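Only one structure is covered here, and it is reproduced in the block below.
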Number of protein chains: 2
Amino acid sequence: MAQKNVLQFIILGLLNEQPLTGYELTKAFDSDIGEFWSARHSQIYPLLNRMEGERLITHETEVTGEKLERKRYAVTPVGAEMLTRWLNEPTRTITPGKDEFALKLYFISDASDGRLHVMLQTQLQLHRSKLEHLEGQMKSKFSTDSQIRGHYGHYLILNHAIRRETEYCHWLEDALASAPAVADADTGTGAKRS
Amino acid sequence: MAQKNVLQFIILGLLNEQPLTGYELTKAFDSDIGEFWSARHSQIYPLLNRMEGERLITHETEVTGEKLERKRYAVTPVGAEMLTRWLNEPTRTITPGKDEFALKLYFISDASDGRLHVMLQTQLQLHRSKLEHLEGQMKSKFSTDSQIRGHYGHYLILNHAIRRETEYCHWLEDALASAPAVADADTGTGAKRS
DNA sequence: ACGGGCATGTAACACGTTACATGATTCA
DNA sequence: TGAATCATGTAACGTGTTACATGCCCGT
């Protein structure tokens with residue numbers, strides 16, 4: 001029955017560090033944690049209401065300026081207990097990954113297929129810029145030892161994301177090395193990078 | 001508006017290599033391609049019907065033994081064209097990954113949290129056995145050069161999966177090396193904060 | 001004869017995305 | 001004053017999971 005509803009636990013986890021608004025929760029998925037889970041505000045707001053109905057969280061309303069209201073949510077003891085149960089419960093499954101690019105590649109059965117080079121190149125660009133961004137994050141968030149000690153899990157998964165993207169790039173580079181560069185398809189010169 | 005429906009293209013891709021039954025398609029997700037996409041039969045059978053209604057595929061009925069029927073599907077020219085369009089269209093997005101374990105880790109803010117060691121250890125076991133399985137696949141499917149040349153994309157992504165899992169294991173091992181093993185973890189020191 | 005795998009389907013529900021909708025605040 | 005961002009919501013739809021349901025075939 002009840003599917004896992006991981007999002008609910010992520011929200012509990014985030015609110016457990018400090019009370020946040022729905023808007024702030026939404027933004028959290030734009031940075032590091034978005035590497036491992038994502039959600040839009042249209043999923044978050046209804047879930048917050050439901051969770052409040054289940055007494056996992058509460059909110060208090062703040063007012064900015066003259067009229068603009070925002071709801072700052074915090075976990076209740078019930079919610080905190082639920083979060084702890086999730087954290088303590090062993091994770092016996094590997095969340096199945098999805099990767100549209102890998103699937104496309106699967107269907108290119110011929111090593112000399114002209115599309116291969118472009119596909120790999122395009123994807124490499126994407127992952128390189130992602131890697132760059134992650135390294136920026138690491139630099140800005142974990143330059144000192146105390147920053148690492150204070151948010152160790154965060155440090156670990158950012159490290160994880162960086163290593164994952166690094167490996168992804170290496171794989172693409174290796175694949176590119178064995179993929180014929182255009183040769184008979186276009187200009188015949190070495191493919192240049194913009 | 002029509003979400004991406006990647007599954008549809010995967011089915012087209014698989015059927016384009018050779019006609020298959022719904023059951024065989026379902027099984028395909030248990031092996032290598034399951035590393036990058038997964039689907040159950042309850043999703044596949046209705047989709048096959050829909051795709052047939054859209055003239056992307058057709059089927060002919062076979063009979064095994066006395067009564068057991070199965071529908072063997074094949075792509076139509078329309079379906080083949082659609083597959084080609086998908087393959088040729090550049091993949092500008094990185095399919096967002098999900099990883100429940102990584103998220104849990106994120107919320108362990110204290111490096112000396114006693115739970116860390118067990119969590120990492122458990123996950124390491126999982127990924128090691130997965131890696132083992134993938135290496136078995138590689139050995140059995142791509143022992144010769146001609147096998148690689150004949151299914152190059154398949155080879156590439158299997159390689160990708162192996163490297164991904166290898167890296168995942170390395171990361172866990174490194175994290176474990178810096179995670180205190182039970183003994184001095186939870187004793188009179190700072191305890192854990194909730 | 002029976003157990004495991006072959007084979008196909010449907011129903012109910014949960015999760016997730018896109019689009020629609022509205023209004024306030026801040027800064028240039 | 002206009003654009004970007006803050007802030008919260010709903011509606012419609014598409015995707016994916018779990019459970020229910022049925023029956024045949026093959027090997028032991």
Side-chain angles (χ1 to χ4, degrees), chain A residues 1-11 19-31 33-34 36-54 57 59-73 93-100 103, chain B residues 1-11 19-31 33-34 36-54 57 59-73 93-100 103:
Chain A
M1 265 309 168
Q3 247 160 106
K4 199 116 204 218
N5 203 354
V6 173
L7 181 56
Q8 170 179 218
F9 296 108
I10 298 173
I11 288 175
L20 295 169
T21 66
Y23 188 81
E24 288 165 334
L25 282 166
T26 301
K27 274 194 308 178
F29 291 93
D30 292 339
S31 60
I33 99 160
F36 301 104
W37 209 274
S38 59
R40 308 294 171 88
H41 78 273
S42 56
Q43 198 182 357
I44 289 171
Y45 287 116
L47 183 52
L48 285 171
N49 279 316
R50 186 181 115 195
M51 288 169 74
E52 189 163 34
E54 291 165 356
I57 55 177
H59 81 269
E60 57 182 59
T61 303
E62 296 174 353
V63 178
T64 311
E66 205 53 36
K67 291 179 174 177
L68 187 59
E69 296 195 345
R70 64 186 151 193
K71 300 178 181 173
R72 191 162 295 277
Y73 289 90
T93 55
I94 297 175
T95 314
K98 307 219 157 184
D99 185 335
E100 188 182 352
L103 256 306
Chain B
M1 220 172 280
Q3 245 159 107
K4 197 112 203 221
N5 202 355
V6 174
L7 181 55
Q8 172 180 214
F9 296 108
I10 298 172
I11 289 175
L20 295 169
T21 67
Y23 188 80
E24 288 166 335
L25 281 166
T26 302
K27 275 194 307 178
F29 291 93
D30 293 338
S31 60
I33 100 161
F36 300 105
W37 209 275
S38 58
R40 307 298 171 90
H41 79 275
S42 56
Q43 197 183 357
I44 290 170
Y45 286 116
L47 182 51
L48 286 170
N49 279 317
R50 186 181 115 197
M51 288 169 73
E52 189 162 34
E54 291 165 356
I57 55 178
H59 81 268
E60 56 182 59
T61 304
E62 297 174 353
V63 178
T64 312
E66 205 54 34
K67 292 180 175 176
L68 187 59
E69 295 194 345
R70 66 187 148 190
K71 300 179 180 172
R72 191 162 294 275
Y73 289 90
T93 55
I94 296 174
T95 315
K98 306 219 155 183
D99 186 336
E100 187 182 352
L103 258 305

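The sequence lines fix the lettering, A, B, ..., with proteins before strands; numbering per chain opens at 1. Remember, it's a predicted structure, so these values are computed and weren't measured experimentally.
- Nearest to the side-chain atoms of A:His41 among the listed nucleotides C:dA19, D:dC6, C:dT8 stands C:dA19.
- Among all heavy-atom pairs drawn from A:Leu103 and B:Ile33, the shortest one is CD1-CD1, 4.3 Å.
- Atom pair B:Asp30:CG and C:dC6:P shows a separation of 10 Å (rounding to whole Å applied).
- At C:dT8, one or more side-chain N or O atoms of B:Tyr45 fall inside 4.0 Å of OP1 or OP2 (strictly under the cut-off).
- D:dT8 atom C1' lies 14 Å from atom CD of A:Glu52, rounded to whole Å.
- Of all nucleotides listed (D:dT18, C:dT18, C:dG16), C:dG16 comes nearest to the side chain of A:Trp37.
- Taking atom CZ of residue A:Arg50 and atom P of nucleotide D:dG9, one finds them 16 Å apart after rounding to whole Å.
- Where B:Glu69 and B:Pro96 meet DNA chain C, the nucleotide closest to each residue was compared, and B:Glu69 sits on the side nearer the 5' end.
- Projected onto DNA chain C by closest heavy-atom contact, B:Ser42 and B:Glu24 fall at different nucleotides, the more 5' of which corresponds to B:Glu24.
- Put simply, NZ on B:Lys4 is 20 Å from C1' on C:dC15, counting in whole angstrom units.
- The closest side-chain heavy-atom distance from A:Thr95 to A:Lys4 is not below 4.5 Å.
- The CZ atom of B:Arg40 sits 16 Å away from the C1' atom of C:dG9 (whole-angstrom rounding).
- Residue B:Gln3 has no polar side-chain atom (N or O) positioned under 4.0 Å from OP1 or OP2 of C:dT17.
- Between A:Glu54 atom CD and C:dA14 atom C1' there is a gap of 13 Å when expressed in whole angstrom units.
- Here A:Lys98 reaches the OP1 or OP2 of D:dG16: one of its side-chain N or O atoms lies under 4.0 Å away.
- Distance CG (A:Leu20) to C1' (D:dT8): 16 Å, rounded to an integer number of Å.
- In this model, the phosphate group of C:dA7 is not approached by any side-chain N or O of B:Lys27 to a distance below 4.0 Å at OP1 or OP2.
- Side-chain atoms of B:Ser38 never come within 3.5 Å of backbone atoms of B:Gly34 as a donor-acceptor pair (strictly under, hydrogens ignored).
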Contact list (N/O, under 3.5 angstrom) for nucleotides 24-28 of chain C vs protein:
{"from": "C:dA24", "atom 1": "O3'", "to": "A:Leu68", "atom 2": "N", "distance (Å)": "3.3"}
{"from": "C:dT25", "atom 1": "OP1", "to": "A:Thr64", "atom 2": "O", "distance (Å)": "3.0"}
{"from": "C:dT25", "atom 1": "OP1", "to": "A:Glu66", "atom 2": "N", "distance (Å)": "2.5"}
{"from": "C:dT25", "atom 1": "OP1", "to": "A:Lys67", "atom 2": "N", "distance (Å)": "2.6"}
{"from": "C:dT25", "atom 1": "OP1", "to": "A:Leu68", "atom 2": "N", "distance (Å)": "3.3"}

Show me, pair by pair, the donor-acceptor contacts under 3.5 angstrom made by side chains of residues 59-67 of chain B, not counting sequence neighbours?
{"from": "B:His59", "atom 1": "ND1", "to": "B:Glu52", "atom 2": "OE1", "distance (Å)": "3.1"}
{"from": "B:His59", "atom 1": "ND1", "to": "B:Glu52", "atom 2": "OE2", "distance (Å)": "2.7"}
{"from": "B:Glu62", "atom 1": "OE1", "to": "B:Arg70", "atom 2": "NE", "distance (Å)": "3.2"}
{"from": "B:Glu62", "atom 1": "OE1", "to": "B:Arg72", "atom 2": "NE", "distance (Å)": "3.4"}
{"from": "B:Glu62", "atom 1": "OE2", "to": "B:Arg72", "atom 2": "NE", "distance (Å)": "2.8"}
{"from": "B:Thr64", "atom 1": "OG1", "to": "B:Arg70", "atom 2": "NE", "distance (Å)": "3.4"}
{"from": "B:Thr64", "atom 1": "OG1", "to": "B:Arg70", "atom 2": "NH2", "distance (Å)": "3.1"}

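- Contact detail for A:Pro46 and A:His41: the closest heavy-atom pair is CD-O, 4.1 Å.
- Rounded to whole angstrom, the span from the CD atom of B:Gln8 across to the P atom of D:dG16 amounts to 11 Å.
- For A:Pro46, taking side-chain heavy atoms from C-beta onward, the closest of the listed nucleotides C:dT8, D:dT10, D:dA7 is D:dT10.
- The minimum heavy-atom distance linking B:Leu25 with B:Leu48 is given by the pair CD1-CD2, 3.8 Å.
- Separating the CG atom in B:Leu47 from the CG atom in B:Leu7 is a distance of 5.0 Å, to the nearest 0.5 Å.
- Nearest heavy-atom pair, A:Glu100 versus B:Trp37, reported as atom, atom and distance to 0.1 Å: N-CZ3, 4.3 Å.
- Out of C:dT8, D:dG16, C:dG9, the shortest distance to the side chain of B:Arg70 is found at C:dT8.
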